[in-house]
Peer 1: 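Once you've had a glance at the structure underneath, I'll fire off some questions.
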Amino acid sequence: MKFATLRPLGALLAAVLLVLARPAAAQTPAAAATPVPAATGSLTGTVLDSLKREPVPYATVVVLPPLFSATPPDKPITGVAADESGRFSLTKLNPGLYRLRVSYVGYGTQTRAVTVTTGATAIPAFQLPVAGTALAEAVVIGTKPVVEMRPDRMIYNADQDVTNTGGTAADVLRKAPLLAVDGDGKVTMRGSGNFKVLVNNKPSPTLASNLAEALKSIPADQIKSVEIITTPPAKYDGEGTAGIINIVLKKGVDRGLNGRVGASGGNRNTSLSTALNFKKGKFGFTSSANTGTWNNFNEFERARYGKQDGSALTQNSTGKSNGNWYYGTLGLDYDLSEHQSLSLAGSVNGYFGDDTSNLFSTYTTPAQPGQLFSRGTVNNFSGVNGELTGTYTKTFTQAKREWSILGQYANNSSTFGYDYNQFQNSYVTREPGQASYRERSQGRTPGHEYTLQTDFTQPFGEKQTLETGLKAIWRRTGSVADVAGLTLGQNLDFVNLPDRATNFSYDQNVQAAYATYSFVASKKLSLSLGGRVERTSLQADFQTTGSDIPPRSYITPLPNGNAQYSFSDNNSVRLAYSRRITRPYIDYLNPFVNRSDPQNISYGNPALDPELTDSYELSFNTNGKAGSLNIAASARRTGNAIEGVRLPAGTPGVTVQTFANVAANAFYQVNFYGSAKPAKGWDISGGPDVQYIVRRSPTLGIERRGFTASMNFNTSYKLPKGFTVQAFAFGSLPQPGLQGTGPANLYYQLGGKKTFLKEKADLTLNFGAPFNNSWAYRSTTVTPSFDETSTYRAFQRSFRLSFGYRFGQAQQTKRRKSISNDDVKSGGSKQGGQ
């Protein structure tokens with residue numbers, strides 16, 4: 001069982017098949033002339049992808065009468081759905097001859113003659129070819145669709161998207177359904193920044209603390225798929241009100257040796273990637289090593305008007321970002337016996353770089369002439385995240401019964417710093433020795449996280465399943481930073497500024513228990529009811545301010561459930577409900593006052609309370625040979641919502657940004673996403689997403705409401721002689737915020753690939769936004785005291801040429817257990833107030 005992969009539960013899809021089932025007495029093949037034996041038998045097996053030898057979850061398995069019998073040969077006797085690992089079990093079968101037919105959307109159908117005897121019979125694995133592929137001498141030629149629709153999630157198969165080659169995880173996420181990435185690297189899911197990102201179903205502290213930077217250190221060539229789960233069940237941690245994004249990385253082989261090497265270069269990034277995998281007998285080994293660089297340019301403008309004093313603030317800046325990243329993984333698997341296995345997985349994920357910018361600022365009021373200055377700033381940053389996960393898994397002869405124990409240690413640390421020179425009454429920056437004021441800071445954020453978890457799945461017959469589990473997380477983090485300043489004419493050297501320093505520690509522990517009961521209520525209706533209880537305890541010590549968060553704890557019940565009604569094998573409707581919690585993480589709580597921009601001060605709020613969100617979703621799924629379609633209507637309602645707010649600081653021309661529980665928000669959303677094959681070799685997928693947002697804050701006296709919408713489009717076409725062309729586009733309208741509006745977004749990409757050397761090598765050329773050099777992300781802030789507009793201009797035009805070579809076999813290994821600590825809300829910066 002893969003912990004953090006949401007399971008729609010075999011019973012949900014089995015209900016569709018059981019609609020066709022005959023009464024138990026009809027299970028004896030019509031050709032049998034002897035009386036029905038008292039003893040019964042069973043069949044067990046696995047369904048695999050014929051290309052990658054990986055499981056095909058939830059495949060349909062139907063028992064048919066033998067050919068040339070009196071019973072119509074295509075009239076099903078009974079059937080089940082495979083579980084998430086592709087395993088299935090058919091019980092209470094009378095001995096005799098049968099046929100098994102296995103199918104799943106996006107794959108070809110296979111039918112095989114089988115013989116049932118008394119007792120259990122294991123049959124060889126079914127290997128389904130991808131739909132539309134051709135078999136010749138047992139060689140399968142074909143690919144998966146770019147987007148797959150499943151009842152509980154959308155899956156974006158990144159390895160089938162040509163335009164991802166040579167890019168990073170940020171490039172991949174911007175193309176996945178329901179996701180968006182702006183010019184500054186900020187990711188949103190269904191228009192919300194409150195979600196959790198997992199890598200192979202386990203958390204990354206680096207992703208939690210600084211998602212935009214961390215995504216640059218995961219190469220796109222290592223990503224197999226992205227799963228978007230909008231209504232997670234009780235087995236998931238309670239955090240992430242918009243849902244969960246699970247990045248699934250490519251893994252090793254079933255047997256033998258294989259690997260890949262790749263290189264990519266362009267005007268925005270470069271990379272080198274390698275992977276080596278091996279499987280022999282009971283032992284498996286997987287590994288990868290990757291490194292690269294990135295660079296980008298941006299411009300920023302701010303205009304603020306004071307409504308009460310008539311003041312005006314204008315700021316303009318130009319900036320450049322440069323960085324390096326590295327990413328490596330190592331995995332070991334060992335099968336102790338047929339039903340017991342051990343695995344050990346480790347990874348290291350790091351980045352380092354700098355941002356340089358030149359700022360020009362003017363401030364005027366009717367009573368005094370303009371005050372102006374120029375400032376040159378260099379920000380340095382680095383981050384390292386190391387994780388080690390061990391898993392013991394035990395399966396049983398009874399299908400779907402499984403027990404696992406998992407443990408994880410994660411060490412996440414980062415360093416940060418800045419150095420700026422300010423020139424008063426100057427339109428341009430000069431030599432550092434001419435600066436009227438200079439300031440610098442260095443700091444670090446240590447982090448340690450320990451997790452222990454156990455899960456157990458117990459089926460009761462074919463129609464009932466109980467899932468239970470326990471989990472504990474221990475987190476230790478904090479931030480230490482010093483600030484020093486030098487004023488021209490007052491100091492000969494930098495002087496420490498104790499009131500500007502920060503030094504705090506923060507501990508957060510979470511214990512959780514969950515249970516989910518799933519059952520088939522009728523031939524067409526399947527139900528799942530679950531609940532999770534989480535206890536949170538925390539404390540913090542802010543040494544520089546003399547404040548703290550005394551030890552405290554709270555218990556939160558989080559119920560959820562879903563019902564699925566199947567009209568046919570390919571058409572179903574699903575209703576889901578879940579309650580989720582948002583715990584403020586240290587970036588929201590740190591009371592240190594950030595004065596790096598004297599006109600825009602920011603600090604956290606140690607008094608924040610958690611917020612709770614109730615989510616409701618009604619979706620319709622249909623799949624067929626022509627394509628698939630998902631239509632979902634959802635509502636999310638959050639009380640006591642944590643919002644970033646902008647307020648006047650009391651000093652003319654200065655504003656403060658902090659966080660507070662000041663709003664009640666509601667999101668009403670309808671989204672359509674479909675895929676189609678208009679012609680042989682041509683794939684199209686995409687769809688619109690429309691939201692109506694209501695934000696109310698009695699504390700601030702604000703009520704804002706309005707519509708926003710977005711559109712995602714992806715298409716590819718396979719040409720003769722190994723050529724493929726592909727295009728992607730995403731656009732969104734501005735979104736209403738509590739105190740203004742967020743930016744609109746537009747991004748598109750074109751790419752082409754040539755495969756050669758017997759399909760072991762490929763050469764890919766990609767163009768990002770070739771027809772416009774940049775995109776302006778415009779935002780507004782409206783308060784009783786001031787109005788502000790800001791524009792962040794990201795330079796998007798890019799090109800990238802990539803080469804990749806694969807050697808050895810290319811089958812995938814079995815999935816590992818993993819941990820998912822998706823339970824905290826994080827944001828802002830880890831720079832200790834800088």
Side-chain angles (χ1 to χ4, degrees), residues 210 213 300 313 315-324 351-363 370-384 413-446 478-505 541-547 590-604 649 651-654 656-657 828-834:
N210 199 338
E213 297 296 340
F300 180 75
L313 171 71
Q315 293 182 321
N316 301 275
S317 72
T318 58
K320 180 180 180 181
S321 176
N322 298 279
N324 299 265
Y351 58 88
F352 57 93
D354 60 74
D355 295 329
T356 60
S357 64
N358 290 305
L359 171 70
F360 176 66
S361 177
T362 62
Y363 175 71
Q371 304 175 22
L372 63 90
F373 69 84
S374 295
R375 175 186 291 178
T377 304
V378 178
N379 287 284
N380 299 294
F381 54 87
S382 68
V384 179
S413 61
S414 64
T415 64
F416 54 86
Y418 67 86
D419 192 334
Y420 75 71
N421 302 310
Q422 185 165 307
F423 305 87
Q424 207 68 26
N425 300 316
S426 175
Y427 289 92
V428 295
T429 58
R430 305 177 185 276
E431 294 297 321
Q434 299 177 284
S436 54
Y437 179 71
R438 302 177 65 187
E439 187 171 294
R440 66 189 182 192
S441 174
Q442 292 293 326
R444 59 187 176 86
T445 56
S479 183
V480 179
D482 296 318
V483 181
L486 188 159
T487 302
L488 186 66
Q490 296 184 11
N491 312 107
L492 297 178
D493 200 357
F494 283 89
V495 177
N496 286 331
L497 306 174
D499 60 332
R500 297 284 306 283
T502 182
N503 187 350
F504 67 84
S505 61
D541 182 14
F542 304 96
Q543 298 178 19
T544 52
T545 60
S547 62
N590 185 4
F592 180 82
V593 180
N594 177 2
R595 301 181 185 275
S596 58
D597 184 344
Q599 270 72 43
N600 301 279
I601 299 172
S602 63
Y603 54 83
T651 302
V654 181
V656 166
Q657 178 168 328
S829 171
K830 291 294 288 184
Q831 298 183 359
Q834 306 307 331

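Numbering of residues begins at 1 and proceeds along the displayed sequence.
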Peer 1: Side chain to side chain donor-acceptor pair (under 3.5 Å) with Q424: which residues, sequence neighbours excluded?
Peer 2: Q422
Peer 1: State, to 0.1 Å, how close T362 and L372 come at their nearest heavy-atom pair, and which atoms those are.
Peer 2: CG2-CB, 3.6 Å
Peer 1: Report the distance from atom CG of N425 to atom CD of Q371, rounding to the nearest 0.5 Å.
Peer 2: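 The CD atom of Q371 is 8.5 Å from CG of N425, to the nearest 0.5 Å.
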Peer 1: Please list, chain by chain and in numerical order, all residues satisfying ring-ring contact (aromatic ring centres under 6.0 Å, His included) with F300, sequence neighbours excluded.
Peer 2: none
Peer 1: Can you name the closest pair of heavy atoms from S414 and S382 and give their distance?
Peer 2: CB-O, 3.1 Å
Peer 1: What distance separates L486 CG from L492 CG, expressed to the nearest 0.5 Å?
Peer 2: 8.0 Å
Peer 1: Do T356 and N358 touch side chain to side chain, with heavy atoms closer than 4.5 Å?
Peer 2: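 T356 vs N358: side chains apart.
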Peer 1: Rounded to the nearest 0.5 Å, what's the gap from CG on N421 to OG1 on T429? Could you check?
Peer 2: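 Reported value, rounded in 0.5 Å steps: 8.5 Å.
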Peer 1: Side chains of I601 and V654, heavy atoms from C-beta outward: is any pair under 4.5 Å?
Peer 2: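 Sidechains of V654 and I601: in contact.
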Peer 1: Do R375 and S361 have side chains that approach each other closer than 4.5 Å (heavy atoms only, starting at C-beta)?
Peer 2: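 Result no, sub-4.5 Å side-chain heavy-atom pair not found.
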Peer 1: Which heavy atom of S479 sits nearest a heavy atom of T445, and at what distance?
Peer 2: OG-CG2, 3.6 Å
Peer 1: At their closest point, which heavy atom of R500 faces which heavy atom of V483, and how far apart are they?
Peer 2: O-CG2, 3.4 Å
Peer 1: Decide yes or no for Q657 and N600: does some side-chain heavy atom of the first lie under 4.5 Å from some side-chain heavy atom of the second?
Peer 2: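 The answer is no; the side chains never approach within 4.5 Å.
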Peer 1: Quick one: pull up OH in Y363 and CD in Q315 and give me the separation to the nearest 0.5 Å.
Peer 2: 12.0 Å
Peer 1: Closest heavy-atom contact between F381 and N322?
Peer 2: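 Heavy-atom minimum between the residues: CZ-O, 4.3 Å.
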Peer 1: With distance as the sole criterion, is a donor-acceptor pair present between the side chains of S374 and S426 under 3.5 Å?
Peer 2: no
Peer 1: For the OH atom on Y603, are there more than 12 heavy atoms of other groups (residues, nucleotides or ligands in this structure) within a distance under 6.0 Å?
Peer 2: no
Peer 1: List the residues meeting ring-ring contact (aromatic ring centres under 6.0 Å, His included) with Y420, not counting sequence neighbours, and say none if there are none.
Peer 2: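 With neighbours one apart ignored, the set is Y418.
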Peer 1: Which atom pair, heavy atoms only, marks the closest approach of S441 to A481?
Peer 2: OG-CB, 4.4 Å
Peer 1: As an exercise, state the distance from CZ of R444 to OG1 of T415, rounded to the nearest 0.5 Å.
Peer 2: 10.5 Å
Peer 1: With heavy-atom distances below 4.5 Å as the criterion, would you say the side chains of V384 and F352 are in contact?
Peer 2: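 In short, these two side chains do not touch, never coming nearer than 4.5 Å.
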Peer 1: To the nearest 0.5 Å, tell me how far S436 OG sits from L488 CG.
Peer 2: 7.0 Å
